[in-house]
Number of protein chains: 2
Amino acid sequence: MESKLALSQLSALAQENRLAVFRLLVKAGHDGLPAGDIAAALGVPPNTLSSQLNILSNAGLVEGNRQGRSIIYTANYDAISGLIVFLMEDCCQGREEVCSPVMAAAQSACC
Amino acid sequence: MESKLALSQLSALAQENRLAVFRLLVKAGHDGLPAGDIAAALGVPPNTLSSQLNILSNAGLVEGNRQGRSIIYTANYDAISGLIVFLMEDCCQGREEVCSPVMAAAQSACC
DNA sequence: TCCATATTTCCACGATACTGGAAATATGGA
DNA sequence: TCCATATTTCCAGTATCGTGGAAATATGGA
């Protein structure tokens, strides 16, 4: 049952603050951001953010590495692309109606 | 802020039963399935299923149309592909790391 | 060693979600 | 009209989630 992971990832992203955190980390790129900066950017107390980061981290969507006093969080691109592929293949069974618009978007967005 | 819809869709899919309902409806194709059959397939009481269908429906992921005594539910392919595109473009900013695997999956899955 | 900084863990409160019983609504057939 | 079927709405109980104060932990520097 591979959908257990997908479920935890959907769950993690299905919340305003956490989606915002993830988007911020994507924008930040491979360098990532320290937890404190994320908290400041979102206007959330550090302990609250910490539990949200923990949920994203358990879902494999972000990763944290200590660097000095800070912990630098980065988005996990493999995880999000895995989720997207799950939605396309396992969930939607590669249906043409789903695939085609995604393909078009992929082409115009980056590929 | 277009992400409000995406959030409600992520939320709707972030639950075991509802994800199962959606997958079942995708498998059922354009003919869809009556609510009763879905409830039976998942082993969920009809009123419980009804509220779950309602959540999926409010998120635009499924649609119900009365046909005689039954209400036939169908998956909304536009909605799910819209969500996938949102994750790729708005959320992940068309990053190559996200796009490429999705592109590859799309190619092998259907296109 | 002592202190400041960065983050997490512990804990509890309020809010929201999931579930299913009971009753209501809608449809079709006798 | 009356009844059976299909589904929804109403409602309440339990569980899970989101939040943030207070304390704990980890690191680096003086």
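First the proteins, then the strands, lettered A, B, ... as listed; each starts at 1.
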Asker: Could you pick out which residue, A14(A) or N47(A), lies toward the 5' side of DNA chain D when each is mapped onto its nearest nucleotide?
Answerer: A14(A)

Asker: Quick check for you: name the first and last nucleotides of DNA chain C, 5' to 3', having an atom under 4.0 Å from a heavy atom of chain B.
Answerer: dC18(C) to dG28(C)

Asker: So Q107(A) and C99(B), side chain to side chain contact (heavy atoms under 4.5 Å, CB included) or not? Walk me through it.
Answerer: CA-CA 8 Å; Q107(A) 253 154 359; C99(B) 267; over 6 Å; no

Asker: Output the rounded distance in Å from CD (Q15(A)) to C1' (dT19(D)).
Answerer: 10 Å

Asker: Apply side chain to side chain contact (heavy atoms under 4.5 Å, CB included) to L33(A) and I72(A), showing your working.
Answerer: CA-CA 5 Å; L33(A) 282 176; I72(A) 308 291; 5.9 Å; no

Asker: Donor-acceptor pair under 3.5 Å: do we get one between N17(A)'s side chain and the base of dG18(D)?
Answerer: no

Asker: As a quick check of understanding, evaluate side chain to side chain contact (heavy atoms under 4.5 Å, CB included) for T74(A) and L25(A), giving each step before the final call.
Answerer: CA-CA 6 Å; T74(A) 51; L25(A) 288 179; over 6 Å; no

Asker: Grouping I, L, V, M, F, W and Y whenever their side-chain heavy atoms are under 4.5 Å apart, do L56(B) and L7(A) come out in a common cluster?
Answerer: yes

Asker: So what does P46(A) hit on the nucleic acid, given a heavy-atom distance under 4.0 Å: a base, only sugar-phosphate, or nothing?
Answerer: base

Asker: What's S70(A) touching, base or sugar-phosphate or nothing? Going by heavy atoms closer than 4.0 Å.
Answerer: sugar-phosphate

Asker: Rounded off to whole Å, could you give me the CG-to-P distance for the L7(A) and dC17(D) pair?
Answerer: 11 Å

Asker: Select from T48(B) and Q67(B) the residue whose nearest nucleotide in DNA chain C is closer to the 5' end of that strand.
Answerer: T48(B)

Asker: Is Y77(A) reachable from L24(A) through a run of hydrophobic residues whose side-chain heavy atoms are each under 4.5 Å from the next?
Answerer: yes

Asker: Dot-bracket for DNA chain C, 5' to 3', with Watson-Crick and G-U pairs under 3.5 Å, [ ] for crossing pairs and | for other-strand pairs: what is it?
Answerer: ||||||||||||||||||||||||||||||

Asker: Given V62(B) and N76(B), is the side chain to side chain contact (heavy atoms under 4.5 Å, CB included) satisfied, shown in steps?
Answerer: CA-CA 5 Å; V62(B) 306; N76(B) 184 342; 6.0 Å; no

